[in-house]
Structures are given as structure tokens and as C-alpha cells.
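Residue indices begin at 1 and follow the sequence shown. Atoms considered below: every heavy atom in the structure, side chains included; atoms not considered: hydrogens, waters and symmetry mates.
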Amino acid sequence: MNQVSQSKGAVRLGLGSPGALVWSVLGLIGAITLALSVNSYYVFVLAGIALVAIVGIGLNVLLGLTGQVSFGHIGFYALGAYTVAILTTKLQLGFWLAWPVAALVAGVFGVLLALPALRVRGPYLAMITIAFSFIVQHLIIELRDLTGGQNGIMGITAPVVLGLQAERAIAIVGLLTAALVLACYCWLSRGSWGAAMRAVRDSETAAESIGLNPLVIKTAAFAISAALAGLAGGLFAPLSTFVTPDTFGFMQSILFVLVVVVGGSGSIMGPVIGALIVGALPELLASMEDYRLLFFGALLLLVLWIAPDGVTGLLAKLARRLRTVATPDVPVSPASPGAALPQAGTRARSCLRADGLTMVFGGVRAVSGLGFEVPPAAITSLIGPNGAGKTTALNMLSGFYRPTSGSFMLGEVALAGLPAFRIARHGVARTYQTSQLFGSLSVLDNVALACARGRLGHPLSTAGASDAAVRQRCLALLDFCGYRGDPMSMSADLAHVDRRLVEIARALATEPDVLLLDEPAAGLSREDKGMLASLLQRIADAGLSVVVVEHDMELVMQISARIVVLDAGQRLAIGSPQQIQNDPAVRQAYLGEQGQASIAAVRTAGATGAELLGVGQLVTGYGAEPVLHGIDLQVRSGEMVALLGANGAGKSTLMRALAGLHRPLQGGIHVDGVNLTNLRAEQIVRHGVVLVPEGRQVFAELTVADNIRLGAFLYPQDVEARLQQMLERFPRLRERLHQRAGLLSGGEQQMLAIARGLMSRPRVLLLDEPSLGLAPKVIAELFDALDRLRQENMTIVLVDQMAALALSLADRAYVIEGGRVVAQGSAAEIAANDALARAYLGAH
């Protein structure tokens, strides 16, 4: 429903350009002229359109800016109408005093509804607002002494305006109010509050990381929206001269939402255009009274089909076709290696210290007793195998997880337990593994919004990117980070590397003491990683503490002053890159090295069957930069092949490509001579290639038995007999056969996922990180089951972080680094090859 992003042309057309302002003024003059000249019936229609426009503009704040859906605004409209009716008839107050009280009452109820309701989203929020509208309607009926019950309140008099009475006076007031509210919306949407609302809509997580409080911002939007609905309702009471509960039915709420959707949510003129269509269309179809609703609905569907972004969106597209809007180039000189970090002021940086941080999820200790210190003016890296707790630690330090126990401090300020936005205001900035830019804002607005650190000023403030000092600082930050694009470009349209740079610039705009970076090099080319390394070093040289979670060991060893190694949620080692590379405990965690006994246990006899699965020159990725670069792979019938490498090397991407879940850009995949490259995932399963995905991905609400049976969807013959075979293979599942799969332990879910995969009668079984997050005893039990599968000549491709265990089962192995195969051979050869250590630790 909401317009997530707009092109620059659309913004110019819809957000208050000089041309639009002229047309708006002319339209207002024309509407007032009509109100003074046409008969009373059409004056009533015109006044109704003005009131619907006011509600639509208020809903546009909620729907178009913050992305929150409300189907209960008729409740606020009714509160405004009844407040004016009661105050003017029972308390004998004048209309001009009762009217603002009506808006205030509706706004207060908006806040009271928003505080609990906005903790949910999507359909749940919509249902709560619907319930609110019914509650208001029934309260009006039940409070007979105050509201008149079903009979309502009669005899509401209209104010006198310039000697005009009744409908004409209300029409003039309504049109002027709509124009004033529209101007206020223009200021709001262009100012810091409008940018903050769009930011919360695009990513609440990223909004908190720059100091914004999403609950306060959404509550403010709800209150403004409710107050405007109450303001319109306060005009409706004297316009109709009476109010009854039936006047405020649920269908009116649907029409309010349609006003915004049809006109174009997020644009300034959208609600006005929507009000004209929704308000005038029934009158144009009045001669076809029996078919009026049918035509009304059909025309609305047609508009939504042709213009999903509303009428303003359609007009913007037409305008872009007719003319090309030239964007002035902003000269940006390349940042010199010694360029200083642009800062609002000079101050001493505080040190971040963590002590005993522990995070428990449902009995599972993701992080346990973690303690370390992050010195200023240096880069500290957190590394560890999959599931070690690195991102969990980052989420605790940035406030997105509340630690189960332990503490962390920035200088002398205790931060543990504070919400994320408060931690950001204290000086801890954050970027994310998946870019979290505000896509509906420009690059410049992304950075300018962060400069405020949550201080937005009054709602109609236009401070931000329009302020010369702020704008200059934002441009300097973008220059420092190496961004060379147009600062006015929409963030949603940026290339991957530019998104990374802008996100770092936005984090630096908050003037942090500590910068937390989660996988900043993910998806970058080798050249871009070199640029990133230089940027991070310059940030550290400026005095900031930089904490990096990264899987590219070459980059980590290059930039880090200190490295903290995590394993199974605990700190395993801490020291310089050289100390970490030579630490036996670290090598054990990454490679599973157990001395010569482990090497001796590696299989030396390989399978001798014919090739079953082949991959040739495979290239694929998720953006402009490929993840896999010309992968060649051969798997023979009956053998187990291990794919080894550090996190982010491309192993899981390769598994997804083999299973048809990710389409290759170049190269080929075939099984037993059949080309799989262009087949869909379910077709590949029919050819016998079955993936057991990382993270198990069992169907949590189904029983164990139903999960296993679903694996036989393509081959339903003898399903019960094969189910019994799976239970014999994994006896622990028999004990839990009728339990919901979501209640199983991690090891049991992994066994269930493998059993479900085997039910598809695979010729090649793809196992992606089966040991991830499991206890050592469970891992041993799981690998025993895999060993039995290998002995049954099942063809298996295995990706697992436990390199030594994988090699102890595998016939052959491939080592992948940076999306390329850097070593291949028998399991024994790979176990003795230094390429394995280099891939995991960047070691010499």
C-alpha cells in the first residue's frame, strides 16, 4: 500500500514544487468560488470532499510516511464529531472553542491507542484499529445520557463565517483548513520529522542505530493522524446538523484508506486527488443508482491496476516520459589518504569494556561470560566459526539484545539494558551485514538524519539536509568514505559498494566513540576490500574504536590491531594477528586439528565410481559482484566430497546453486548427463539432487511424522514403510514422533531435516552445515549417522565448519576461498595442505 521509494522526478512532481504550489492555490480559489456560487446540495458535496481530504492528509502521515495501516480512523472522526456536538448542545460552548477540543480529544485517544497497538505491525495493527472503531461506535450507543444513544444528537448549529451560514460556511472553513493542513504536511514531509518517519518505515533497526526512537516517532504520526481525523469530524457535526452512531460505519474507514491509496500514499497531492475521486465519483454515477456501487468499485480497481502507486505515481511516470530531469553534478574530489575525519567538535574518545556478557535463548547459551576491552584509535576484530556468537555479541553491544547477565560500559557510563537508540546517542554506532540504508531517502538525507542523533526539533522544522552547515558536513563525510556518486540519488538505487560506503558515512555522522561493523566486506570485490581496509584504518587513526565482525581472514589480519576469537559463545583467545594465527586452540576451533591422530584418521581410499554430479565454470552472485568465480567441481557416484573454507567463501551459495535456489550467471551444472542449470528447484529434486539446508528449516508447527512424510511428496509410494526406515536410522525421532518439530532440540531437528531429505530418494544429498550450533556429543552422534550413509554408498556433498570431522568422513575435498577453488584432492592431501589453514585463518 505504501510507496516505499520514489524517483527524483516523482518527488519533484508530488512534493511541493513551485508548479504544484501554483496549481494548488488556483485550485483552492476555484473551490472557494464554487462554494460561493453553486446550490446548497453541491456545496454539501464540496464540503464533504474537503473533510475527506483532511482525513486523507492525516492518514497519509501514518500510511505514506511511517507505513502503518489503520482501518479505524472513522473512530477518531466520530470522536471529533461527538465532541463538537456535546460541547455545543449540552454545554453551550461556541463552535470555535469546541472544534480544537475535538481535535485534541481525538489526538489523545490516538496516543492511547498507539502506545500498545504500535508494538505490533501489519495485519495485527490493522485488526486492532478495526476493533477500536467498533468500540467507539458501541460506546456511543451505550452512553445514552451523553451521546443520545441510537437517536444521536440533533440541532447542531453551524458557525457564521463572513455572513455565510450552514453548508457554505462549513465548506469555506473546510477548504481553508484542508489547504492549511496540506501546507503543514508539506513542511512535515520535507523536514527532519518526515525523514525520520520514512526512516522508521524503511528500517526500524537502522533508525534506532542512529538514535531515533521508533515508538515515539510512530506514536507522533498516529497522534497527528488521529487529531486531523477529529478535526474533520468536528466540522462534519455542524455540516450535517446531527450525528448518530450509524453515520460512522466501518465502510467509511475503508473509504478513508482508499483516498490515500488511490491518490498516492507518500505524495503531498495524493490525498487531495484521492478525495476528489472518492468524493465526486458517486455523484457522477448518480444517474445509474442501481449500478453505482458496481461502477464505483470497478473504477477504483482499474485505477489501482493501472497505477499501483496511485494517480500521483501515474502522473509522475508520464512526466518522466515527456521530459528528462537533469540532475546537477556535485563536484566531489577524491579523498586523499591523509584526509581528516570531518567532526562536529573535538573531544576525548571513551573506551568500551565488556565484562561477563551472557546471552541465553531458551536455554541455549549463545554467548557466555564474554569479556574484552576495545581500545580507542585501533581496530579490534571479532572472529570465530559459524554459531560462535559474534553477531549476538554485536547485538548486545548495540542494544538490540538485552544481556541475560554481565555488563558493558562506554567510559564511565553503563550501557547494558539500555534500548538501542539510547546506546546510539551515547556514542555506539552500527552497520549491518545486510545493508540497512533508508531506501526512500536520498544519500544526503540518510547522512543528514544521522547528524541529529535523534534530536528532531519541532514537527514542522525543516532543519536537516537543507541546513548549509549540516549539508557541508554530510558531503565531507561522504567524500571521506570514498563515495563518488550523486548525493541526491535515492539510496534504494545505489550499487552494493556505494551502499556500504554511505552506511559507514551515516554511522560516522552520529559522532560515535565506537563503530561496530558487521561483515562490512561481504559481497565486495578485491579492489573494493582494499579501499575498505584503507577507510577503516583512517577511521581508527581519527581516534575511534572500531570493532569488526568479518569472515575475510586476509582482511582481518591486514587491518586488526587486536583480534578476539569466539568459539561456542566463549572467548577462546585474544591477541595480535600473529598470535592468533599461531594459537593451537584457534586452529583447533577453525580446523578441528587434533594432532597426528586426527590426520591419520582421514580417509585415504577414494570412491572409484563414474561422475554423477559435475559443475563447470560456475559464476553466480547476489549483485553486481559475483560470489562464485568459475567454480569447477566433480562428484563421483558413491563418494563423499567436502567443501571447506571460511565463512563467506561462497560454500552455501554453491549449495543453493546446485539445488536450484539460486540461478547461475554463467557455467553449467549437470547430474548424470542432465543439464540442471535452468531447472527450477522442485525439478532438480526430481532429478535426485536434494538439499538439507543450513539451519535445518523444519516445519515447526507440524509433527515429526508429518515433516518426514512431506519429504516423500514427489514419491508417495510406500511412505509409511520408508518412515519406519527413517525412525530406525534415527531412533531419537521415534520417541518424539508426534511432537511439534519446533519443540525439538537443535540436534534432533538436524536429524529430522536429514530424514526428510532422504525421503526424497536423493541420488546426491547436499548437506549444508549440519553441525552448526550443536553440542559436541550431538555432533558425534550426527556424524556417526553420516558415516553409515557413506558406507551405504550414498553420494554426499558436505559443507561443515568442523573441517577435521568433515575430512575424516570425506573421500575428497575442495577448499574454497573468495569464491574460487584454491585446493582440491583426497581428504588426506587436503588435511596436510597449508591452503586449508590460509583459507580459514589467513595464516602463512
Side-chain angles (χ1 to χ4, degrees), residues 590-616 618 631-645 649-652 654-655 657-659 669-673 676 687-692 694 729 750 754 757-758 761-771 779-817 820-837 839-840:
Y590 269 95
L591 305 177
E593 292 179 1
Q594 299 172 355
Q596 295 303 316
S598 173
I599 298 299
V602 173
R603 286 171 54 82
T604 56
T608 57
E611 178 181 288
L612 179 59
L613 175 67
V615 178
L618 186 69
I631 293 287
D632 288 312
L633 186 72
Q634 182 189 54
V635 181
R636 293 189 289 267
S637 178
E639 77 172 341
M640 178 184 284
V641 171
L643 303 180
L644 306 175
K651 307 184 300 296
S652 291
L654 175 56
M655 297 288 264
L658 294 176
I669 303 170
H670 66 268
V671 62
D672 201 15
L676 305 182
H687 286 284
V689 180
V690 177
L691 173 67
V692 178
E694 179 181 348
R729 186 180 296 276
Q750 187 63 65
I754 295 174
L758 292 174
R761 292 180 172 171
R763 302 177 68 192
V764 181
L765 185 64
L766 308 176
L767 298 174
D768 194 0
E769 298 285 8
S771 72
I779 291 174
E781 184 179 347
L782 178 65
F783 272 75
D784 284 342
L786 298 183
D787 190 33
R788 291 194 297 273
L789 280 174
R790 181 188 58 76
Q791 293 170 4
E792 296 169 11
N793 289 324
M794 171 68 70
T795 304
I796 299 174
V797 179
L798 173 65
V799 167
D800 200 273
Q801 60 181 339
M802 307 293 287
L805 274 175
L807 289 173
S808 70
L809 293 181
D811 298 289
R812 293 188 304 112
Y814 291 79
V815 180
I816 300 176
E817 183 178 2
R820 295 175 172 85
V821 174
V822 296
Q824 59 178 300
S826 69
E829 291 169 345
I830 294 300
N833 193 330
D834 287 342
L836 186 61
Y840 278 94

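Here Glu817 pairs with Val822, Ala839 under the side-chain contact (heavy atoms from CB on, under 4.5 Å) rule; sequence neighbours left out. With sequence neighbours excluded, the residues that form a side chain to side chain donor-acceptor pair (under 3.5 Å) with Asp632 are Gln617. Residues that satisfy the side-chain contact (heavy atoms from CB on, under 4.5 Å) test with Asp672, not counting sequence neighbours, are Leu612, Arg763. Annotation: side chain to side chain donor-acceptor pair (under 3.5 Å) contacts of Glu694 (sequence neighbours excluded): Ser652. By the side-chain contact (heavy atoms from CB on, under 4.5 Å) test, Arg729 is found to be paired with Met726, Leu758, Leu789, Glu792, residues two or more places apart in sequence or in another chain being considered. The side-chain contact (heavy atoms from CB on, under 4.5 Å) test applied to Ala659 returns Leu661, Leu691, Leu766, not counting sequence neighbours. A search for side chain to side chain donor-acceptor pair (under 3.5 Å) contacts involving Glu611 returns Gln634, His670, not counting sequence neighbours.
Considering all non-hydrogen atoms of both residues, Asn833 and Ala823 come closest at ND2-CB, 3.7 Å. The two residues Pro762 and Gly757 make their nearest non-hydrogen contact at CD-O, 3.6 Å. In this structure, Ala806 and Phe783 approach most closely via the heavy-atom pair N-CE2, 4.1 Å. Of all the heavy atoms in Pro770 and Asp800, the pair that sits closest is CD-OD2, 3.1 Å. Residues Ala827 and Leu807 come closest through the heavy atom pair CB-O, 3.5 Å.
Contact annotation: the side chain of Val692 approaches that of Gln750 to within less than 4.5 Å [non-hydrogen atoms, C-beta and beyond]. Using a 4.5 Å heavy-atom threshold, the side chains of Val635 and Ile796 count as separate.
For the atom pair Leu782 CG and Met802 CE, the distance stands at 11.0 Å (nearest 0.5 Å). Note that the CG atom of Asp811 and the CZ atom of Arg636 stand 8.0 Å from one another [nearest 0.5 Å].
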Practice item. Would you please test Leu618 and Leu633 for side-chain contact (heavy atoms from CB on, under 4.5 Å) and show each step? Key: CA-CA 9 Å; Leu618 186 69; Leu633 186 72; over 6 Å; no

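Remark: the backbone N or O of Glu769 is not paired with any side-chain donor or acceptor of Gln801 at under 3.5 angstrom. Looking at Lys651, its side chain never comes within 3.5 Å of a backbone N or O of Ile816 through a donor-acceptor pair. With hydrogens and angles ignored, the 3.5 Å screen pairs a side-chain donor or acceptor of Thr795 with a backbone N or O of Gly638.
Considering Asp768, Val821, Leu798, Leu654 as possible partners of Leu643, the one that fulfils the side chain to side chain contact (heavy atoms under 4.5 Å, CB included) test is Leu654.
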